Novice: 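Once you've had a glance at the structure underneath, I'll fire off some questions.
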Amino acid sequence: PRRNRISNCEGRLPGRMNKQKQQNLLKFIFFLSILGIVLSGYLTYIHYSTLSSPCDFSETFQCSLVNQSKYAEVFGIPVALLGMMGYSFLGLVSLVLLKRKFLSKVRANKFLGKLVSVQTLFVFSIIALIVSLYLTYAEFFLIKAICIWCLISQIIILVIVGFSYKILKLNKLVEGD
């Protein structure tokens, strides 16, 4: 009997470790989302500003040119503002997933319960990555100028996709325990 208890404890340990890894990854996604909100807020400010960006230092690196191009808006809304909203959504989902007590209340609501999930975090980050890749294409090949801040934002969303994928995989392992 004692041997069974030990093996049962050992069997549960990986699940606990996976939950802790998930929590750490969610914290990092939340932090990256905050960073993305700040960065997108700055880019939104530059979009509406008449001042040139401090990162305009060559013909190739011109944030102002990128941020004033026709690719910087969708239906009259600055892409940076949409990015700020996207990062806010990712941050909110990661925060709710981090706060277990709040998560149980959210899951009680049929609509919100489906909206706030690890799968939503992953799918939304993939959509954001696809948009980001299109904007990168526009920078390099259509505008022929690069915005350093935009590239940093693209790296942030790429890392969020990687971490959300890892959480999705860990979530499947935990559910399997």
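Owing to the predicted nature of the structure, the values given are computational and were not obtained by experimental measurement.
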Novice: To the nearest 0.5 Å, what is the distance between CG on L129 and CZ on F124?
Specialist: 12.0 Å
Novice: Of all heavy-atom pairs between S88 and M84, which one has the smallest distance, and what is that distance?
Specialist: OG-O, 2.8 Å
Novice: Checking F140 now: which residues fulfil ring-ring contact (aromatic ring centres under 6.0 Å, His included) with it, not counting sequence neighbours?
Specialist: none
Novice: With side chain to side chain contact (heavy atoms under 4.5 Å, CB included) as the criterion, how do I143 and Y71 come out once you've worked through the C-alpha distance, each side chain's angles and the decisive distance to 0.1 Å?
Specialist: CA-CA 8 Å; I143 304 167; Y71 302 99; 3.7 Å; yes
Novice: For residues L25 and F31: do they belong to one hydrophobic cluster (side chain heavy atoms under 4.5 Å, members Ile, Leu, Val, Met, Phe, Trp, Tyr)?
Specialist: yes
Novice: Rounded to the nearest 0.5 Å, what separation is found between the CG atom of L26 and the CG atom of L170?
Specialist: 10.0 Å
Novice: Nearest 0.5 Å, what's the SG-CD1 distance between C55 and I146?
Specialist: 11.0 Å
Novice: Applying side chain to side chain contact (heavy atoms under 4.5 Å, CB included), run through L97 and I167 and close with a yes or a no.
Specialist: CA-CA 11 Å; L97 290 172; I167 292 168; over 6 Å; no
Novice: Kindly compute the distance separating CD1 (I37) from CG (L32), expressed to the nearest 0.5 Å.
Specialist: 11.0 Å
Novice: Checking V74 against V79 for the side chain to side chain contact (heavy atoms under 4.5 Å, CB included) test, could you report, in this order, the C-alpha distance in whole Å, the side-chain angles of both residues, the deciding distance, and whether it holds?
Specialist: CA-CA 6 Å; V74 176; V79 169; 4.0 Å; yes
Novice: Drop me the distance from F122's CZ to S117's OG, to the nearest 0.5 angstrom.
Specialist: 12.0 Å
Novice: Could you report the tightest heavy-atom contact between Q68 and H47, atom names first, then the distance?
Specialist: NE2-O, 2.9 Å
Novice: Is there a path of hydrophobic side-chain contacts, each under 4.5 Å between heavy atoms of I, L, V, M, F, W or Y residues, that connects V38 with L95?
Specialist: no
Novice: What residues form a ring-ring contact (aromatic ring centres under 6.0 Å, His included) with Y48, not counting sequence neighbours?
Specialist: none
Novice: Same cluster or not: L90 versus I152, using hydrophobic residues (I, L, V, M, F, W, Y) connected whenever any side-chain heavy atoms lie under 4.5 Å apart?
Specialist: yes
Novice: Just list the side-chain donor-acceptor pairs under 3.5 Å for residues 156-166, sequence neighbours left out, or say none.
Specialist:
unit_1, atom_1, unit_2, atom_2, d
S164, OG, S125, OG, 3.0
S164, OG, I160, O, 3.0
S164, OG, V161, O, 3.0

Novice: Keeping to residues at least two apart or across chains, list the side-chain hydrogen bond (donor to acceptor under 3.5 Å, both in side chains) pairs with something in residues 151-163.
Specialist: Y87-S153, T136-Q154, E139-Q154
Novice: Working to the nearest 0.5 angstrom, can you tell me the gap between Q22 CD and K27 NZ?
Specialist: 12.5 Å
Novice: Taking only distance into account, with no hydrogens and no angle test, what donor-acceptor pairs under 3.5 Å do side-chain atoms of residues 39-46 form with protein atoms, sequence neighbours excluded?
Specialist:
unit_1, atom_1, unit_2, atom_2, d
S40, OG, G36, O, 2.9
T44, OG1, S40, O, 2.8
T44, OG1, L81, N, 3.2

Novice: Mind listing the closest non-hydrogen atom pair of F30 and G91 along with its distance?
Specialist: CD1-O, 3.4 Å
Novice: Test side chain to side chain contact (heavy atoms under 4.5 Å, CB included) on L82 and V131; report intermediate values, then the result.
Specialist: CA-CA 11 Å; L82 296 173; V131 170; over 6 Å; no
Novice: Determine the minimum heavy-atom distance between N67 and A72, stating which atoms define it.
Specialist: O-CB, 3.2 Å
Novice: Examine F28 and L35 and state if one hydrophobic cluster contains both, with Ile, Leu, Val, Met, Phe, Trp and Tyr joined whenever side-chain heavy atoms are less than 4.5 Å apart.
Specialist: yes
Novice: Taking the inter-plane angle between the rings of F141 and Y137 on a 0 to 90° scale, is it parallel (under 30°), tilted (30 to 60°) or perpendicular (over 60°)?
Specialist: tilted
Novice: On a heavy-atom basis, which atom in A145 and which in V66 lie closest, and how many Å separate them?
Specialist: O-CG2, 3.5 Å
Novice: Pair N24, Q20 - check side-chain hydrogen bond (donor to acceptor under 3.5 Å, both in side chains), show working.
Specialist: CA-CA 6 Å; N24 290 338; Q20 186 58 46; 3.2 Å; yes
Novice: Which disulfide bond (SG atoms under 2.5 Å apart) pairs, counting each pair once, include a residue from residues 138-170, with sequence neighbours left out?
Specialist: none
Novice: In terms of hydrophobic clusters joined by side-chain contacts under 4.5 Å, are I155 and I127 together?
Specialist: no
